[in-house]
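Single-structure report; data block below.
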Amino acid sequence: MWITRFLTSSIGQKWVMSLTGLFLITFLIVHLLGNLAIFAGDNGQAFNVYADFMVHNPLIKAVSFGLYAFILIHAIQGILIAIQNRKAGGKAYAKKDTQGSWASKNMALLGILVLAFLFIHMGDFWFKAKFGGDNAIAAVNYGNGDIKDLYSQVAISFSKLWIVIAYLIGLLALAFHLLHGFQSAFQTLGLNHSKYNPIIRGIGIAYGILVPLGFAALPVYVYFQQTT
Amino acid sequence: MNLDPKIPAGELADKWTEFRSKMDLVAPNNKRKLEVIVVGTGLAGASAAATLGELGYKVKAFTFHDSPRRAHSIAAQGGINAAKNYQNDGDSVYRLFYDTIKGGDYRSREANVHRLAEVSRDIIDQCVAQGVPFAREYGGLLANRSFGGVQVSRTFYARGQTGQQLLIGAYQALSRQISSGKVQMYNRHEMLDLVKVDGKARGIIARNLVSGKLERFAGHCVVLATGGYGNVYYLSTNAMNSNVSAAWKAVKKGALMANPCYVQIHPTCIPESGEYQSKLTLMSESLRNDGRVWVPKSKEDAEAIRTGKKTALDIPEADRDYYLERRYPAFGNLVPRDVASRAAKIECDAGKGIVKTGRGVFLDFGAAVIRYGKIAANTQNISNPSDAKISELGRATIKEKYGNLFQIYEKITGQDPYVFPMKIYPAVHYTMGGLWVDYNLETNVPGLFALGEANFSDHGANRLGASALMQGLADGYFVIPYTIGQFLSKEIRTPAISTDLPEFEQAESETRAKLEQLLKIGGAQSVESFHRRLGRIMWEYCGMSRNEQGLAKALQMIRELREEFWNDVFVPGEIHDYNPELEKALRVADFIELGEVMVRDAMARDESCGGHFREEYQTEDGEAMRRDDEYTYVAAWSWNDGNPEVYKEDLHFENVELKTRSYK
Amino acid sequence: MNLTLKIWRQKGPSAAGSFEEHKVHAEEDMSFLEMLDVLNEQLVHEKKEPVAFEHDCREGICGTCNMVINGHPHGPQRGTTTCQLHMRHYNDGDTIVIEPFRASSFPVIKDLVIDRSAFDNIIQAGGYISVNTGQAPDGNAIPVEKQDASQAFDAATCIGCGACVAACPNGSAMLFTSAKVSHLALLPQGEVENGKRVYDMVNQMDKEGFGRCSNITACEAECPKEISVDNIARMNRLYVKSVFAGTQGNEKN
């Protein structure tokens, strides 16, 4: 069928990578904005209410399944492409000085790091909240019945230094992944014009730095808040 | 042997049209059964193979390159002529015809040249349709520039890479036929012999350059489009692998080499820098549109420049001799190539050369930079621009026009041509001589055709700039597709030729014997060293100017060289392997034989015309002296087992009056 | 200057290769290939087999020469083919590592000589305008915007050397293919066939086993003709358009 032929073609494969990538990029900003509630300084109330809303809103729920699927597609496709490319590249050079940014040449490695980070992250919060049973996460009541006190879980996790460091490493990988991935997605989709390329590149760099930085601020903030 | 050019009867301007409409055709069902071998995939070969494929013939195309896109046509820089008269400057088919005849010093065939001028217009149309990105004006229409030896602007160009773009066009057309199965492409196959059956050309022996195996290929006819023999001089602007072997094998099988002494020395090449030099690089003739050629007026200044005490910029305007403008006020820097080359030699021989070796002159863009700068300032409404601004704007215009040439120059010499004038010197560039062909482009061997630079037909004793591309494509796209029918229409009852015929057997075993012999010699000298020595002999005695004594000496030296070659060459490697040294050895062996015929031809032509300048025949002020009464003929040479013989085809000029060529 | 060369030697396509070390003396005005000529002359004098390397025009236009010099296809100079590289960019005592272009779609034939017929196959798949000789209208019948002609030309300067593939860690031929696609797509003469051309060429490119593009842009950096990766974006666009608009031609939709 034409669509499978397209999706298995080299450009089709890359197309899937950029579309799923762009979706994940959009998710990141939403996720970050929500999590900024941690900074509210209200002992986690705003954050817990936000988390509860996210878990129970049917639209968000539906989107989240899309998200999981896209993460899986992006990861699996990425690994398959990396394997194919390694084969196509042929014998390695004895002396090598490949041009291009470091991130662009290491997207698979960066992707795998991000994926590993994602497992830690999901295991820590999402898995516990979903499958950890009733007692895994304590309940809290702000006047509208019991909701999970996810903030306390966050506080527990981020009191451990190794987790904070793991997060920082994961987010650093994410930053580099984004620095190349953002503009690369546009190039792959053919959204390219010499006039507007600098804008795309500029936004990409800003995004790739600011978003991971925003995420990184969370564990650091929580960690220091507890230790001081 | 009587050389019949088979020129059709009728008025010059109607010959081709009438001939075309009356010539024998081959019906489509028969075309499918007829096999054509095309050797060479440059402009002429690729366009011929593609067009013959389109017509329905079964074509087998051969190149020794790894891809048809690499042929040396690709290096042609300046442009392609066509009598379109898009500039409304008085151009016409007749004027292009006349310019070409005159530029060729009245040593070409009127009917062929007129046909060339006629089809030149179709070539441009065809190339545009194929997607050749010719230069355009802002209105979207095609741009033109002028070239040496003419007073109209009729040259179409694609920056400084016209040959590349045209070849890619032909390569694309060829690729299309390959993918449709009408052309079978054989890359990395070098033709080593021509096979004749019952006197007709019926096939070739080719060596698969990867496996080293000899292979036989049969067809109803053979088309050679294998380029020129400029590399006989070792140093030339030709590609390293350009060679005469395919044509030479044809000569050894009875075809004739016509006017081999007509060699074009291009005036604007980057001068030689040392002993190790492997080739010379051309700077397009188009540069002479804007560049002014000069040497210092005094020998002292020249000496100072040679030793590095002064640079061109230290020589004030008054102390420069713009010798082309001085000697040829009408054409100035745009005189034809042979004239410009000889003038450079005269200045350098007089001690005015400006490079270390003494063999170099300046090509200066200073005046053009200022002229263009002022124009640009004007169009950009910059009032009272500073000198620096004018230079900047002017350089930008020059860059747009010749950017890639300037870049090439800087890479090779390490000097910035936007600041310092270029240094140039003549170098062997093109060979007007080639296989003798009649009006149908058929050699004297029935069924053997020759196209492009490989034949001798259109440029006489000197080719005008931007005419090689024109001729190659004219032959391939618009001439051979018709004229080949003259031969093939009589072959429709001939079944496919078998490669098992004894003629193939014999040709193959002879070729094998030769290869084995070369590898067996095991001497002490490299192939390269022989080639270099041959080149030096040819350049010294059969180059820009020739004399009887020198030629006699060259003849002797070449014979000795041949003897030495076959006794003392060392060819490493094996037959059945990828072996570039063996390929080179075969080519050099052929060049040595050809060199002898060239020298003989130069000796026999007791006149000066075009690229052939005999010192004995010059006017008082050093211009070439033609001797029309005795030498208005084509000299076609047979190899005749080492005792070359000449056959003559008299040239008849019915439409053009023979005049002394003057560009003053 | 005196140099040490580490050159890849390989008897044939299936033979295992290895590096060989040679000393050679070079002048600074020599081209890189002339320096190799000197080496080969030396080898011939020692009755050894010279290093097989491909070259032809030696003026940067035929695209025949190809080697990776100290990790760079065509050497360190930007916008330069191997044959245009001159020894003045090296110093006495330098060691230079010379390898063939490496990609699984460019198998080695011998030493530094590789087989690039995959490129021809891509062009044969559709890299042309389907016009027979003699069918063309007058050259000036269709005006072409100067800027379009100029951009088409920029793409058309590709010499098919394969440096883009050699430079790409993925062995991708996107720059080569997209240059041809762009050259023809930007001209009104070629636009007619855009859908089919890009579809067929990309599919052929995939069949030849070239890798996927991850926009590293090493190809652009190493391209001797400095062809822009903008062409790749254009090809991506045209390919997707061709698929979704169903203009691939034939009955493939």
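Owing to the predicted nature of the structure, the values given are computational and were not obtained by experimental measurement. In what follows, chains carry the letters A, B, and so on, assigned in the order in which the sequence lines appear, proteins first and then strands, with residues in each chain numbered from 1.
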> Salt bridge between Lys110(C) and Asp577(B), side-chain N to carboxylate O under 4.0 Å?
Replying inline: yes
To the nearest 0.5 Å, atom CD of Gln164(B) lies from atom CD1 of Ile61(C) at 4.0 Å
Does the side chain of Phe53(C) reach to within under 4.5 Å of the side chain of Pro580(B), using non-hydrogen atoms? no
Greatest number of non-hydrogen atom pairs under 4.5 angstrom with chain B, of His55(C), Glu54(C), Lys48(C), falls to Glu54(C)
| query | Quick one: are His72(B) and Cys62(C) in side-chain contact, heavy atoms under 4.5 Å? | reply | no
Closest heavy-atom pair, Gly139(C) versus Val128(B), reported as atoms and distance to 0.1 Å, is O-CG1, 3.8 Å
Heaviest contributor of heavy-atom pairs below 4.5 Å to chain B, chosen from Glu41(C), His86(C), Glu49(C), is His86(C)
Chain B shares the most heavy-atom pairs under 4.5 Å, among Asn121(C), Leu187(C), Ile109(C), with Ile109(C)
Whether the side chain of Glu54(B) engages the backbone of Thr133(C) through a donor-acceptor N/O pair (distance < 3.5 Å, no angle test) should be reported. yes
Would the number of heavy atoms belonging to other residues, nucleotides or ligands and lying under 6.0 Å from CD of Glu46(C) be above 12? yes
If one checks every heavy atom of Asn241(B) against chain C at 4.5 Å, the contacting part turns out to be both
message: Determine whether a donor-acceptor pair (N or O, by modelled atom type, separation under 3.5 Å) exists between the side chain of Gln124(C) and the backbone of Ile178(B).
response: no
Cut-off 4.5 Å, heavy atoms of chain B, and the answer for Gln135(C) is backbone
Residue set satisfying salt bridge (Lys or Arg N to Asp or Glu O under 4.0 Å) with Glu59(C), at least two apart, ordered chain then number -> Lys279(B)
Tightest non-hydrogen contact, residues Arg188(B) and Asp115(C), listed as NH2-CA, 4.4 Å
Assert top hit (heavy-atom pairs under 4.5 Å, partner chain B, pool Leu184(C), Ile142(C), Val131(C), Asn40(C)) equals Val131(C)
When the 4.5 angstrom heavy-atom criterion is applied to Thr80(C) and chain B, the contacting part is both
**Message:** Quiz question: by atom type and distance under 3.5 Å, do the side chains of Arg58(C) and Ser278(B) form a donor-acceptor pair?
**Reply:** yes
On a heavy-atom basis, the closest approach of Ile168(B) and Ala156(C) is CD1-O, 3.8 Å
Cut-off 4.5 Å, heavy atoms of chain C, and the answer for Phe156(B) is neither
Bottom line for Gln165(B): the part with an atom under 4.5 Å from chain C's heavy atoms is side chain
message = When you measure from the centre of the six-membered ring of Tyr138(B), is the NZ or CZ of Lys146(C) closer than 6.0 Å and no more than 45° off the axis?
response = yes
Closest heavy-atom pair, Gln172(B) versus Ile129(C), reported as atoms and distance to 0.1 Å, is NE2-N, 4.5 Å
So, the part of Gln126(B) with a heavy atom under 4.5 Å from chain C: the answer is both
Under 4.5 Å to a heavy atom of chain B? For His183(C) that would be side chain
Here the gap from Gln189(C) atom CD to Cys127(B) atom SG, rounded to the nearest 0.5 Å, amounts to 11.5 Å
Is Glu410(B) atom CD crowded by more than 12 heavy atoms from other residues, nucleotides or ligands, each under 6.0 Å away? yes
Assert top hit (heavy-atom pairs under 4.5 Å, partner chain B, pool Ser31(C), Gly79(C), Gly126(C), Ala152(C)) equals Gly79(C)
Note to self: For Asn140(C), is there any backbone N or O sitting under 3.5 Å from a side-chain donor or acceptor partner on Asp125(B)?
What the structure shows: no
The reported gap from CD in Gln161(B) to CZ in Phe153(C) (rounded to nearest 0.5 angstrom) is 4.0 Å
- Side chain proximity check, Pro50(C) to Pro572(B), heavy atoms < 4.5 angstrom: yes
Looking only at Leu33(C), Asp29(C), Asn132(C), Ile123(C), most heavy-atom pairs under 4.5 Å shared with chain B are made by Asn132(C)
Between the CG atom in Asp120(C) and the CG atom in Asp66(B), the distance rounded to the nearest 0.5 Å is 7.0 Å
Heavy-atom closest pair (Thr64(C) atom, Arg70(B) atom, distance to 0.1 Å) is OG1-CD, 3.0 Å
_Can you tell whether the side chains of Asp148(C) and Arg136(B) come within less than 4.0 Å, N to carboxylate O?_
no
Q) Do we see a donor-acceptor contact under 3.5 Å between the side chains of Thr413(B) and Arg88(C)? A) no
Distance col, row Asp56(C):CG vs Asn238(B):CG, nearest 0.5 angstrom, shows 9.5 Å
Scanning both residues in full, the closest heavy-atom pair of Tyr128(C) with Ser179(B) reads OH-OG, 3.6 Å
Honestly, the part of Ile114(C) sitting under 4.5 Å from a heavy atom of chain B is backbone
Would you say Asp37(C) and Tyr276(B) make side-chain contact, with heavy atoms under 4.5 Å?
no
Honestly, the part of Ser67(B) sitting under 4.5 Å from a heavy atom of chain C is both
